[in-house]
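One-based numbering along the sequence shown.
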Amino acid sequence: MKLLESNKLITRKVFDTFPPTVEYAITEHGLSLEKVLEELHYWGLSHRNVVMHDGM
């Protein structure tokens, strides 16, 4: 999570509660990855089909 935060993809807010509560939220910069992640998702589905059906 620290890497995502340091790369400004998420924000982290700590609340003074017991037990401690931490809230994470995606940033505008993080949202800019939406299309990339969507394409990676579709690639993963296609790759799974290739692997699962290869050699049958």
Side-chain angles (χ1 to χ4, degrees):
M1 291 291 205
K2 287 184 179 188
L3 190 57
L4 295 174
E5 188 178 7
S6 68
N7 281 286
K8 306 210 184 295
L9 300 175
I10 62 168
T11 58
R12 180 178 183 264
K13 184 187 260 187
V14 180
F15 296 91
D16 189 20
T17 60
F18 184 81
T21 303
V22 179
E23 179 181 283
Y24 294 93
I26 193 164
T27 63
E28 287 293 320
H29 185 58
L31 288 172
S32 71
L33 289 170
E34 184 176 19
K35 290 189 184 300
V36 173
L37 294 175
E38 186 177 305
E39 288 300 318
L40 185 58
H41 168 78
Y42 289 130
W43 178 87
L45 293 175
S46 176
H47 175 70
R48 181 174 60 183
N49 284 333
V50 169
V51 171
M52 296 297 282
H53 296 107
D54 194 29
M56 288 187 137

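When all heavy atoms of Thr17 and Thr21 are compared, the closest pair comes out as OG1-OG1, 2.8 Å.
Separation of atoms CD1 (Ile26) and OG (Ser32) is listed at 8.5 Å; rounding is to 0.5 Å.
At most 12 heavy atoms of other shown residues, nucleotides or ligands fall within 6.0 angstrom of atom OH in Tyr42. More than 12 heavy atoms of other residues, nucleotides or ligands sit less than 6.0 Å from atom CD of Glu23.
The hydrophobic cluster containing Leu9 also contains Met1, counting ILVMFWY residues as joined when their side-chain heavy atoms lie under 4.5 angstrom apart, directly or transitively. Under the 4.5 Å side-chain heavy-atom criterion for grouping Ile, Leu, Val, Met, Phe, Trp and Tyr, Val51 is not connected to Leu40 through any hydrophobic cluster. One hydrophobic cluster, built from ILVMFWY side chains closer than 4.5 Å, holds both Leu37 and Tyr24.
No side-chain donor-acceptor contact under 3.5 Å links His47 to the backbone of Trp43.
Between Glu5 and the choices Thr11, Thr27, Ile10, the side-chain contact (heavy atoms from CB on, under 4.5 Å) rule is met once, by Ile10.
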